Amino acid sequence: MQAIDLIILNFEEIRSRSIKVWQSIPHEMLNWKPDEDALTCAEMIRHLLQAEYLFHQILIGRGGKVLSHLHNPFEEKQFISVDDELAFAKPFREEFLKYIKTMRPDELENIEIDLLDAGGYIKKLGDMLLRIAYHESVHTGQLLDYMRTMGIDRPHIWD
(Lines give C-alpha, C1' and ligand atoms only; values in the text may rest on other atoms or scores of the structure.)
Protein backbone atom coordinates (compact mmCIF):
# COMPACT_ATOMS: atom_id res chain seq x y z
CA MET A 1 0.00 0.00 0.00
CA GLN A 2 1.28 3.45 -0.91
CA ALA A 3 1.47 6.36 1.56
CA ILE A 4 -1.46 8.17 -0.07
CA ASP A 5 -3.60 5.01 0.15
CA LEU A 6 -2.81 4.73 3.85
CA ILE A 7 -3.68 8.37 4.45
CA ILE A 8 -7.03 7.93 2.67
CA LEU A 9 -7.71 4.75 4.66
CA ASN A 10 -6.95 6.63 7.88
CA PHE A 11 -9.38 9.43 6.97
CA GLU A 12 -12.10 6.92 6.06
CA GLU A 13 -11.62 4.86 9.23
CA ILE A 14 -11.72 7.94 11.43
CA ARG A 15 -14.84 9.28 9.74
CA SER A 16 -16.70 5.97 9.97
CA ARG A 17 -16.08 5.91 13.72
CA SER A 18 -17.00 9.57 14.09
CA ILE A 19 -20.30 8.97 12.31
CA LYS A 20 -21.10 6.08 14.68
CA VAL A 21 -20.56 8.42 17.60
CA TRP A 22 -22.40 11.38 16.09
CA GLN A 23 -25.44 9.30 15.13
CA SER A 24 -25.58 7.78 18.62
CA ILE A 25 -26.20 11.11 20.29
CA PRO A 26 -29.96 11.51 20.80
CA HIS A 27 -31.32 14.50 18.90
CA GLU A 28 -32.56 16.09 22.12
CA MET A 29 -29.01 15.97 23.52
CA LEU A 30 -27.25 17.65 20.58
CA ASN A 31 -27.33 21.02 22.36
CA TRP A 32 -25.80 19.61 25.56
CA LYS A 33 -22.36 20.76 26.67
CA PRO A 34 -20.39 19.99 29.83
CA ASP A 35 -19.85 23.65 30.78
CA GLU A 36 -20.39 27.18 29.52
CA ASP A 37 -17.01 27.36 27.78
CA ALA A 38 -17.41 24.10 25.86
CA LEU A 39 -18.95 23.44 22.46
CA THR A 40 -22.29 21.66 22.32
CA CYS A 41 -22.41 18.26 20.64
CA ALA A 42 -23.92 19.88 17.53
CA GLU A 43 -21.27 22.61 17.52
CA MET A 44 -18.52 20.00 17.80
CA ILE A 45 -19.90 18.03 14.83
CA ARG A 46 -20.24 21.23 12.79
CA HIS A 47 -16.72 22.26 13.83
CA LEU A 48 -15.28 19.02 12.48
CA LEU A 49 -17.13 19.05 9.17
CA GLN A 50 -16.41 22.73 8.62
CA ALA A 51 -12.76 22.34 9.66
CA GLU A 52 -12.22 19.65 7.04
CA TYR A 53 -13.55 22.02 4.38
CA LEU A 54 -11.29 24.82 5.65
CA PHE A 55 -8.26 22.52 5.90
CA HIS A 56 -8.87 21.47 2.29
CA GLN A 57 -8.76 25.12 1.23
CA ILE A 58 -5.57 25.62 3.24
CA LEU A 59 -3.95 22.66 1.50
CA ILE A 60 -4.93 23.96 -1.93
CA GLY A 61 -3.60 27.43 -1.09
CA ARG A 62 -0.53 26.02 0.69
CA GLY A 63 -1.33 28.08 3.77
CA GLY A 64 -3.76 30.00 5.93
CA LYS A 65 -3.75 33.21 3.89
CA VAL A 66 -6.37 31.67 1.62
CA LEU A 67 -8.92 31.82 4.47
CA SER A 68 -9.02 35.62 4.52
CA HIS A 69 -10.92 35.76 1.21
CA LEU A 70 -12.81 32.50 1.43
CA HIS A 71 -16.57 32.05 1.35
CA ASN A 72 -17.40 29.47 4.03
CA PRO A 73 -20.63 27.64 3.07
CA PHE A 74 -21.02 26.30 6.61
CA GLU A 75 -21.39 29.77 8.16
CA GLU A 76 -24.87 30.41 6.79
CA LYS A 77 -26.21 26.90 7.37
CA GLN A 78 -28.37 26.11 10.36
CA PHE A 79 -27.67 22.82 12.16
CA ILE A 80 -30.77 20.66 11.72
CA SER A 81 -29.60 17.10 12.40
CA VAL A 82 -26.52 14.92 12.16
CA ASP A 83 -27.79 13.32 8.96
CA ASP A 84 -28.49 16.71 7.43
CA GLU A 85 -24.98 17.91 8.35
CA LEU A 86 -23.44 14.80 6.80
CA ALA A 87 -25.47 15.23 3.62
CA PHE A 88 -24.46 18.89 3.36
CA ALA A 89 -20.78 18.09 3.96
CA LYS A 90 -20.68 15.06 1.66
CA PRO A 91 -19.67 16.86 -1.56
CA PHE A 92 -16.97 18.78 0.31
CA ARG A 93 -15.70 15.53 1.83
CA GLU A 94 -15.62 13.85 -1.59
CA GLU A 95 -13.64 16.75 -3.06
CA PHE A 96 -11.20 16.65 -0.14
CA LEU A 97 -10.50 12.92 -0.55
CA LYS A 98 -10.30 13.30 -4.34
CA TYR A 99 -7.72 16.05 -3.84
CA ILE A 100 -5.61 13.86 -1.56
CA LYS A 101 -5.69 11.07 -4.16
CA THR A 102 -4.04 13.41 -6.68
CA MET A 103 -0.98 13.87 -4.47
CA ARG A 104 2.30 12.21 -5.30
CA PRO A 105 4.27 10.53 -2.51
CA ASP A 106 7.19 12.97 -2.89
CA GLU A 107 4.81 15.91 -2.30
CA LEU A 108 4.10 14.66 1.23
CA GLU A 109 7.68 15.52 2.13
CA ASN A 110 8.42 18.41 -0.23
CA ILE A 111 5.36 20.67 0.00
CA GLU A 112 5.08 22.95 3.01
CA ILE A 113 1.85 24.34 4.43
CA ASP A 114 2.34 27.76 6.02
CA LEU A 115 0.02 28.59 8.91
CA LEU A 116 2.27 31.18 10.55
CA ASP A 117 -0.17 34.02 9.82
CA ALA A 118 -2.83 32.13 11.74
CA GLY A 119 -0.55 31.90 14.78
CA GLY A 120 0.54 28.42 13.87
CA TYR A 121 3.41 26.74 12.13
CA ILE A 122 4.88 25.54 8.87
CA LYS A 123 4.43 21.79 8.33
CA LYS A 124 5.14 19.35 5.56
CA LEU A 125 2.08 18.23 3.64
CA GLY A 126 2.21 14.67 4.99
CA ASP A 127 2.43 15.93 8.56
CA MET A 128 -0.45 18.32 7.95
CA LEU A 129 -2.69 15.55 6.60
CA LEU A 130 -2.05 13.45 9.70
CA ARG A 131 -2.80 16.45 11.93
CA ILE A 132 -6.12 17.01 10.15
CA ALA A 133 -7.12 13.39 10.79
CA TYR A 134 -5.94 13.59 14.40
CA HIS A 135 -8.06 16.71 14.94
CA GLU A 136 -11.21 14.74 14.16
CA SER A 137 -10.09 11.82 16.32
CA VAL A 138 -9.53 14.03 19.34
CA HIS A 139 -12.93 15.72 19.08
CA THR A 140 -14.68 12.39 18.54
CA GLY A 141 -13.06 11.22 21.76
CA GLN A 142 -14.37 14.34 23.46
CA LEU A 143 -17.88 13.50 22.26
CA LEU A 144 -17.55 10.01 23.71
CA ASP A 145 -16.68 11.64 27.03
CA TYR A 146 -19.69 13.97 26.66
CA MET A 147 -21.87 10.89 26.19
CA ARG A 148 -20.41 9.25 29.30
CA THR A 149 -21.06 12.42 31.29
CA MET A 150 -24.64 12.62 29.96
CA GLY A 151 -25.15 9.00 31.01
CA ILE A 152 -26.13 7.79 27.56
CA ASP A 153 -24.98 4.64 25.80
CA ARG A 154 -21.79 4.98 23.80
CA PRO A 155 -21.39 3.07 20.53
CA HIS A 156 -18.82 0.35 20.08
CA ILE A 157 -16.42 1.97 17.60
CA TRP A 158 -13.71 -0.71 17.50
CA ASP A 159 -14.29 -3.39 14.91
Side-chain angles (χ1 to χ4, degrees), residues 1-60 64 67 70-103 105 108 113 115 118 120-121 123-159:
M1 215 176 222
Q2 298 292 320
I4 300 298
D5 299 324
L6 289 169
I7 288 170
I8 292 290
L9 178 62
N10 190 42
F11 273 107
E12 289 173 341
E13 287 293 312
I14 290 167
R15 182 55 56 88
S16 72
R17 286 163 172 77
S18 293
I19 289 171
K20 282 182 184 181
V21 171
W22 302 345
Q23 290 179 330
S24 295
I25 301 169
H27 185 76
E28 63 275 8
M29 300 304 288
L30 286 169
N31 289 316
W32 186 91
K33 59 183 178 177
D35 60 63
E36 277 306 306
D37 296 326
L39 295 175
T40 66
C41 297
E43 289 168 338
M44 186 92 68
I45 294 164
R46 165 64 62 84
H47 168 72
L48 288 168
L49 295 171
Q50 176 178 251
E52 184 173 81
Y53 169 77
L54 296 174
F55 280 131
H56 182 196
Q57 303 313 306
I58 288 168
L59 295 177
I60 291 168
L67 297 180
L70 180 71
H71 168 71
N72 181 348
F74 287 87
E75 286 180 347
E76 61 232 14
K77 184 181 180 312
Q78 178 183 359
F79 188 101
I80 297 169
S81 68
V82 171
D83 289 339
D84 180 69
E85 284 293 299
L86 289 168
F88 181 78
K90 184 179 180 184
F92 302 116
R93 170 76 172 183
E94 289 171 351
E95 284 299 312
F96 177 60
L97 295 178
K98 186 171 137 184
Y99 177 73
I100 294 171
K101 289 175 184 175
T102 68
M103 296 174 182
L108 299 174
I113 306 299
L115 291 171
Y121 41 75
K123 294 292 178 190
K124 294 179 189 249
L125 177 61
D127 183 350
M128 192 69 201
L129 288 169
L130 294 176
R131 285 170 182 263
I132 293 167
Y134 183 68
H135 175 250
E136 182 167 327
S137 298
V138 167
H139 283 309
T140 298
Q142 284 180 296
L143 285 172
L144 285 167
D145 184 52
Y146 278 26
M147 294 171 80
R148 177 186 296 272
T149 303
M150 286 187 273
I152 59 176
D153 291 336
R154 295 174 312 281
H156 179 74
I157 60 170
W158 306 111
D159 48 22

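Remember, it's a predicted structure, so these values are computed and weren't measured experimentally. We use all heavy atoms of the structure for the numbers below, so side chains are in, but hydrogens, waters and symmetry mates are not.
- Here the CG-CD1 distance, from L86 to I45, works out to 8.0 Å after rounding to the nearest 0.5 Å.
- Shortest non-hydrogen contact noted between D37 and D35 is N-OD1, 2.9 Å.
- Using a 4.5 Å heavy-atom threshold, the side chains of Q57 and F92 count as separate.
- H135 contributes no side-chain N or O that, together with a main-chain N or O of S137, makes up a donor-acceptor pair within less than 3.5 Å.
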Could you please spell out the steps behind the side chain to side chain contact (heavy atoms under 4.5 Å, CB included) verdict for F88 and L49?
CA-CA 9 Å; F88 181 78; L49 295 171; over 6 Å; no
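- Closest of all the heavy-atom pairs between I4 and K101 is CG2-CA, 4.0 Å.
- A pairwise comparison of heavy atoms in M147 and I25 identifies SD-CG1, 3.9 Å as the closest pair.
- Counting heavy atoms from C-beta outward, I58 and L115 have side chains that approach closer than 4.5 Å.
- Put simply, OG1 on T140 and CZ on R17 are 11.0 Å apart, with the number rounded to the nearest 0.5 Å.
- Here E52 pairs with R15 in a salt bridge; the nearest charged N to carboxylate O distance falls below 4.0 Å.
- With hydrogens and angles ignored, the 3.5 Å screen pairs a side-chain donor or acceptor of R46 with a backbone N or O of F74.
- A distance of 12.0 Å separates CD in E95 from OH in Y99, rounded to the nearest 0.5 Å.
- At least one side-chain heavy atom of Y146 sits under 4.5 Å from a side-chain heavy atom of M44.
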Run the side chain to side chain contact (heavy atoms under 4.5 Å, CB included) check on F55 and I113 step by step: do they pass?
CA-CA 10 Å; F55 280 131; I113 306 299; over 6 Å; no
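- Going from atom CD of Q2 over to atom CE of M103 covers 15.0 Å, rounded to the nearest 0.5 Å.
- Counting heavy atoms from C-beta outward, Q23 and D83 have side chains that approach closer than 4.5 Å.
- Here SG of C41 is found 5.5 Å from CG of L143. Values are rounded to the nearest 0.5 Å.
- The 12-atom threshold is not exceeded at CZ of R148, counting heavy atoms of other residues, nucleotides or ligands nearer than 6.0 Å.
- Here the straight-line distance linking atom OG of S16 with atom CD1 of I157 works out to 9.0 Å at 0.5 Å rounding.
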Please test F11 against E136 for side chain to side chain contact (heavy atoms under 4.5 Å, CB included), starting from the C-alpha separation and ending with a verdict.
CA-CA 9 Å; F11 273 107; E136 182 167 327; 5.9 Å; no
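- In this structure, Y134 places its OH atom where only 12 or fewer heavy-atom neighbours from other residues, nucleotides or ligands lie under 6.0 Å away.
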Residues I7, I100; criterion side chain to side chain contact (heavy atoms under 4.5 Å, CB included); working and verdict
CA-CA 8 Å; I7 288 170; I100 294 171; 4.2 Å; yes
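- Here the side chains of K77 and Q50 are not in contact, with every heavy-atom distance at 4.5 Å or above.
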